[in-house]
J.: 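After the structure tokens below, expect a handful of questions from me.
The chains referred to below are lettered A, B, ... by the order of the sequence lines, with proteins before strands, and numbering in each begins at 1. In this text the structure is predicted, and so the values were computed from the model without any measurement.
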Amino acid sequence: MSRAEVDDVRVASGPREVRRIWTFGLFRSELGITFRRWRTLALLGVLAAVPILVGVAVKIETSDGSTLGGGGEGGGPAFIAQITNNGLFLVFTALAATLPFFLPMAVGVVAGDSIAGESSAGTLRYLLVAPAGRTRLLLVKYATTMTFCLVATLVVALSALTVGALLFPLGEVTTISGTRIGFGEGLLRALLIALVVAASLIGVAALGLFVSTLTSSGIAAMATTVGLLITIQILDQIPQLHAIHPYFFSHYWLSFADLMREPVYWDELLKNLGLQGLYAALFGSAAWARFGAKDITA
Amino acid sequence: MPHTSTGGRVTESVIETSALTKRYGKQLAVDQLSLTVPAGSVFGFLGPNGSGKTTTIRMLMGLIEPTSGRASVLGRPVPREIRTVLPHVGALIEGPALYGFLSGRDNLLRYDAADPTADPRTRRARAESALDRVGLTAAAGKKAKAYSLGMKQRLGLAAALLQPRRLLVLDEPTNGLDPQGMREIRALVRELASEGTTVFLSSHLLDEIEQVCTHAAVMAQGRLITQGPVAELAAGARGRLTVTTPDTGEAARVLKELGVTDLVVTEDRVTGEPPGAEEGAQAPGDLAELNAALVGAGVRVRGFGVERASLEDAFVALTGEGFDVAG
Ligand SMILES: Nc1ncnc2c1ncn2[C@@H]1O[C@H](COP(=O)(O)OP(=O)(O)OP(=O)(O)O)[C@@H](O)[C@H]1O
Ligand SMILES: [Mg+2]
């Protein structure tokens, strides 16, 4: 075949080109199908219910005028003893209660299903011939999972704030260090804490995405991710494994409480964010390497 | 689109593979395939179950990496330049796949959003016209999980038609369609072909290939057996003269005298190779004479004619075995 003949069927003569701005259409579409899904709404519903349960339980427990036992950082989730004085503390309590399990589980489900779910439904092959592009699709999936982390955390925080405001008085906030800050400043800290909690989920999200590229069964990917999450949490409790604890994505999770100190104690907060970044880079690249070379046979 | 073709040279090829091979573990799914799909053709890709049709298509669409060999689509090497190629290709691969919780229309919008070359401003309009083309406008608002198999198949086709395409790759497109639907799809394929789209169509329905395809290739056990224009392939097998009559004995005797060879007598039919069939075309005059001779000899002729050589005959001649015998 001569050059000239080849040129005749060359796609170069086609009028279509990639427009940068149009590539965001896939992200919008992805957000749409993620948050329209019944499963996502159920997960968010469960998350919203946690602060309601905690708030109502605390209200009932203290309705006879008694205070909650345990106090401080001892029994129950952090800050729980302070809720009766200030409803804003329900936000901190709810985040502390959901961060170890409910939030990462929800993220694990969404992240684990992201690629594997499309693969088992067969829709992955049509996205790829559309052509979505493997790297672009992976980035979109990751961005959507991160968005879900943020939305899930905000759902917990807003539900807690609403319940706290309805059931308990609001006002000045006493920090862990004992100083008092205004309610406005307290709200700001609450928002900051929610953002840090959302960022704490980045590691699980990256792990889930990687697992999702390994299999073509959505259920298997979700189960594996949530299983890994539980395993890590258990291992983090075993003192003999002390040496490797700092590398577990969940190790510094509860450091968000340090934002309630005056002045803020940044050491572990930064370690947490650094660790999440490390997980994102590591498992993000692993997912990219795996997905880029994978045979799509489903 | 600016199709600067220099007079539709037959040497232009839209798909070209050479020694393309895919191995799954020990199994060779596609073995040294060298295929040429001419531009503007409706190309039938035939083969029994498991012969490697879908595997070939997946390689051409960049979904799986070939074990060895080369392939190019629309003049570009794949999978290396697959992303510049695919916006010009509509594909239906191994049946449709849809988001069950989305409506038919939203499924199309989703797939269109995945294409970074697709203009979002015309997205809805293009989705509507694609739905219209496959006759799904009325059911467009229904959730895809409530679609029947044929409706899903149509929606899959609609997704392939969201943009004007240079090449359509359709893996068993009429699977699950009712006869009416099959006819519509065939009409659609012809229409698209007349607009200049090359259609690459896999099937194991010989009939279907024969009705719409200009070219065909036959696969068996991962290997290419033959390829070429359908007319040439079918001509490889000669038509047989068939006489339906209660007087089979007499008919056979008369036909033999007139030079008909390879006579086979069944219950009420006599078949054979008409004289001069080796030279190809059958002069109609000869047939009329044969018929007159039969009637003249008092044979009560109920039916008379030459069964057109079909692709199926060609296929059986090529493989020498039942079509659906998988290796
Ligand atoms: N993912 C896979 N892993 C292992 N073997 C596979 C895989 N996909 C296909 N094969 C094998 O490759 C061969 C060709 O399969 P392919 O799906 O290409 O056939 P086909 O011609 O499309 O068949 P059909 O007409 O049934 O659709 C088969 O023997 C099949 O078992
Ligand atoms: Mg197949």
J.: Would you mind checking which part of A/Arg28 comes under 4.5 Å of any heavy atom in chain B, side chain (CB onward), backbone (N, CA, C, O), both or neither?
T.: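 Answer is neither: A/Arg28 stays 4.5 Å or more from chain B.
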J.: Which answer fits B/Tyr111, side chain, backbone, both or neither, if we ask what part of it has an atom under 4.5 Å from a heavy atom of chain A?
T.: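 Both parts, backbone and side chain.
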J.: So what's closer than 4.5 Å to chain A heavy atoms on B/Tyr24: side chain, backbone, both or neither?
T.: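 For B/Tyr24, the side chain is the part near chain A, not the backbone.
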J.: Do you know which of A/Ile296, A/Val140, A/Leu137 has the most heavy-atom pairs under 4.5 Å to chain B?
T.: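 The answer is A/Ile296.
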J.: Can you list the residues of residues 110-133 of chain A that sit under 4.5 Å from chain B, counting heavy atoms only?
T.: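 So far as heavy atoms go, A/Glu118, A/Ala121, A/Gly122, A/Thr123, A/Arg125, A/Tyr126, A/Leu127, A/Leu128, A/Val129, A/Ala130, A/Pro131, A/Ala132, A/Gly133 are the residues that approach chain B to under 4.5 Å.
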J.: Give a yes or no on whether B/Leu149 atom CG has more than 12 heavy-atom contacts from other residues, nucleotides or ligands under 6.0 Å away.
T.: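 Atom CG in B/Leu149 is packed in, count exceeds 12.
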J.: For A/Arg134 and B/Leu63, which heavy atoms make the closest approach, and how far apart are they?
T.: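 Where A/Arg134 meets B/Leu63 most closely, the heavy atoms are NH2-O, 3.2 Å.
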J.: Do you know the tightest heavy-atom contact between A/Arg136 and B/Pro116?
T.: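 Answer, listing the atom of A/Arg136 first, then B/Pro116: NH1-CD, 3.5 Å.
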J.: For the candidates B/Gly100, B/Ala160, B/Ser72, B/Pro96, which exhibits the highest count of non-hydrogen atom pairs separated by less than 4.5 Å from chain A?
T.: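 If we count pairs closer than 4.5 Å to chain A, B/Pro96 comes out on top.
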J.: Before you tell me yes or no, could you show the steps for A/Lys294 and B/Ile64 under side chain to side chain contact (heavy atoms under 4.5 Å, CB included), namely the whole-Å CA-CA distance, both residues' side-chain angles and the distance that decides it to 0.1 Å?
T.: CA-CA 7 Å; A/Lys294 192 184 184 189; B/Ile64 60 180; over 6 Å; no
J.: Please check if the number of heavy atoms outside A/Phe27 that lie under 6.0 Å from its CZ is greater than 12.
T.: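 Above 12, so yes.
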J.: Can you say whether B/Asp106 sits under 4.5 Å from chain A via the side chain, the backbone, both, or neither, judging by heavy atoms?
T.: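 The side chain, not the backbone.
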J.: Counting only non-hydrogen atoms closer than 4.5 Å, does B/Leu98 touch chain A with its backbone (N, CA, C, O), its side chain (CB onward), both, or neither?
T.: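 Backbone only.
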J.: Checking heavy atoms, do the side chain of B/Arg58, its backbone, both or neither come under 4.5 Å from chain A?
T.: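 For B/Arg58, the side chain is the part near chain A, not the backbone.
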